2 protein chains.
Amino acid sequence: MDRGLRDLKREATREALAKAAFELTRERGLSGFVTADVVERAGYSRRTFGNHFSCKEEAVASVAFGGVDDASAILAGLPADLPLLDVLLAVMKTQFTTDALVRMRELMAMARRYPTLEPHVLGVQQRMRHTAQELLGSVAGDRYPTVYVPLLFGAVYGAVMAALEGTLDVDLGGEYDPSPASMDYSSFLDITFDYLRHGF
Amino acid sequence: MDRGLRDLKREATREALAKAAFELTRERGLSGFVTADVVERAGYSRRTFGNHFSCKEEAVASVAFGGVDDASAILAGLPADLPLLDVLLAVMKTQFTTDALVRMRELMAMARRYPTLEPHVLGVQQRMRHTAQELLGSVAGDRYPTVYVPLLFGAVYGAVMAALEGTLDVDLGGEYDPSPASMDYSSFLDITFDYLRHGF
DNA sequence: GAGCAAAATTGCCCAATGTGCACATCGATG
DNA sequence: CATCGATGTGCACATTGGGCAATTTTGCTC
């Protein structure tokens with residue numbers, strides 16, 4: 001996606017700002033700091049912050065955007081005629097790593113504390129969904145009806161997010177557990193895809 | 001949900017503000033008006049607006065929140081031992097009416113025009129999802145494993161939203177079509193549930 | 001009805017935010 | 001190395017968010 005050094009620097013700026021905003025939220029809570037604090041920590045100007053994000057919340061949420069980096073690499077290792085359901089399972093296992101999910105989960109936990117954060121967390125999830133869905137669509141080709149891909153992907157993504165939310169409900173009120181020990185991601189995916197494969 | 005007349009009036013205020021914000025977005029675009037214009041049209045004070053919404057976007061998005069109104073009425077007409085999949089199908093057909101979907105679709109179309117709107121549209125979707133999921137969970141009882149309900153519901157909801165988004169892609173660039181003629185909602189649900197029932 | 005407590009709305013105020021503009025700087029392209 | 005476009009910055013200013021206290025409205029009880 002990124003072509004040259006220019007884009008890399010831009011991304012670095014964005015990530016530095018996002019990281020600073022995220023850490024400040026950890027330390028002082030969402031209302032415990034202002035944008036000026038963020039840019040001071042990251043070493044940029046307030047105006048630059050505005051060039052990248054429209055508000056604090058957007059910056060905080062953006063840290064959980066683990067891009068679907070090297071699509072070609074993942075797909076290269078798969079047989080071209082692999083059923084789409086299995087391709088999707090592979091993508092979900094390799095792209096949505098537990099690391100990415102842990103980050104996302106912490107963000108979702110934050111969103112419970114600070115309601116204004118939630119819409120932007122959902123925005124990040126939406127962008128990730130679109131990215132991965134396009135990836136899946138590119139390998140589906142014309143093997144399946146047009147509704148098949150968004151339907152299938154919507155189902156899987158919805159299930160994963162619902163499950164992730166479920167792990168947040170176990171520790172209500174108190175501090176959240178940054179590691180989702182209550183969910184075995186890999187086996188959860190197996191159960192999910194078993195349902196999808198054979199019906200509910 | 002609402003206790004008395006007091007809550008009704010509060011809701012009326014909220015809805016009046018939301019409606020005004022929504023119409024102003026239609027007429028002038030999201031950046032073509034300020035909160036002062038909204039409260040002037042609705043007949044309230046700027047401060048009151050702040051009591052209900054944290055920003056313009058939230059107000060605009062909230063118009064699409066069609067609450068799952070009378071849960072008991074819907075469920076009363078269903079056999080107690082109806083398989084959950086069929087209960088869900090009934091809920092999706094009666095609660096998520098085409099009217100509600102048309103509103104949601106227009107909002108999603110707006111969100112494409114005005115990116116800052118998107119997170120809040122997703123927030124509304126999220127709230128609707130939770131409401132309906134709780135409703136479903138209340139009738140599931142202990143007939144199914146704990147993961148079954150969120151998994152199933154996540155799948156259906158994800159599929160519906162993905163399909164709804166799909167209808168937006170048909171008219172790219174130009175004006176959007178407020179009526180989703182390209183999607184026959186009822187038969188779409190049938191196809192979706194057929195996949196869920198018998199596997200992908 | 002009359003009175004009262006809770007809740008909603010309002011006005012005031014000010015820090016925080018969003019954003020247009022002009023300008024300097026740096027990477028990309030040839 | 002010369003030019004162009006994109007990025008970061010400083011400044012200015014309208015808009016916004018939200019605390020506080022006063023005021024009105026509502027629901028309930030007598």
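Every value quoted in this text rests on a predicted model; they were computed, and no experiment measured them.
Across all strands, A:Arg10 comes closer than 4.0 Å only to sugar-phosphate atoms, never to a base (heavy-atom distances).
Looking at residues two or more places apart in sequence or on another chain, you find a ring pair (Phe, Tyr, Trp, His ring centres under 6.0 Å) between A:Tyr148 and A:Tyr144, B:Tyr195, B:Phe200.
B:Arg129 and A:Glu165 are joined by a salt bridge, as a carboxylate oxygen and a charged side-chain nitrogen come within less than 4.0 angstrom of each other.
Atom P of nucleotide C:dA28 and atom CG of A:Leu8 are separated by 9 Å, given to the nearest angstrom. We find that CG of A:Asp7 is positioned 11 Å from P of D:dA6, with the value rounded to whole Å. Note: OH (B:Tyr44) to C1' (D:dT23) measures 16 Å, nearest angstrom. If you measure from atom CG of A:Leu17 to atom C1' of D:dG8, you get 11 Å, rounded to the nearest angstrom. Distance CZ (A:Phe53) to P (D:dG8): 11 Å, rounded to an integer number of Å. Separating the CZ atom of B:Phe49 from the P atom of C:dA8 is a distance of 17 Å, rounded to the nearest angstrom. At whole-Å resolution of the value, NE2 in B:His52 and P in C:dA7 are 15 Å apart. A straight line from CG of A:Asn51 to P of C:dC21 spans 14 Å, rounded to a whole angstrom.
Between B:Ser45 and B:Thr116, the one whose closest nucleotide on DNA chain C sits nearer the 5' end is B:Ser45.
With rounding to the nearest 0.5 angstrom, the CG atom of B:Leu89 is 4.5 Å from the CZ atom of B:Phe193.
Between the side chain of A:Arg47 and the base of D:dG8, no donor-acceptor pair of N or O atoms lies under 3.5 Å.
Here B:Thr13 reaches the OP1 or OP2 of C:dT9: one of its side-chain N or O atoms lies under 4.0 Å away. Note on B:Lys9: a side-chain N or O is less than 4.0 Å away from OP1 or OP2 of D:dT26. OP1 or OP2 of C:dT10 has at least one side-chain nitrogen or oxygen of B:Thr48 nearer than 4.0 Å.
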Between protein and nucleic acid, restricted to nucleotides 13-16 of chain D and to nitrogen or oxygen atoms under 3.5 Å apart, what atom pairs and distances do you find?
from, atom 1, to, atom 2, distance (Å)
D:dT16, OP1, B:Thr35, N, 3.2
D:dT16, OP2, B:Thr35, N, 3.4
D:dT16, OP2, B:Thr35, OG1, 2.9

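In terms of hydrophobic clustering, with Ile, Leu, Val, Met, Phe, Trp and Tyr side chains grouped at heavy-atom distances under 4.5 Å, B:Met161 and A:Val147 are assigned to different clusters.
Across all non-hydrogen atoms, the minimal contact from A:Arg127 to A:Thr131 is O-OG1, 2.8 Å. Closest approach of A:Leu107 and A:Val60 over heavy atoms only: CD1-O, 3.7 Å.
Under the 30°/60° scheme for interplanar angles, the aromatic rings of B:Tyr157 and B:Phe153 are found to lie parallel.
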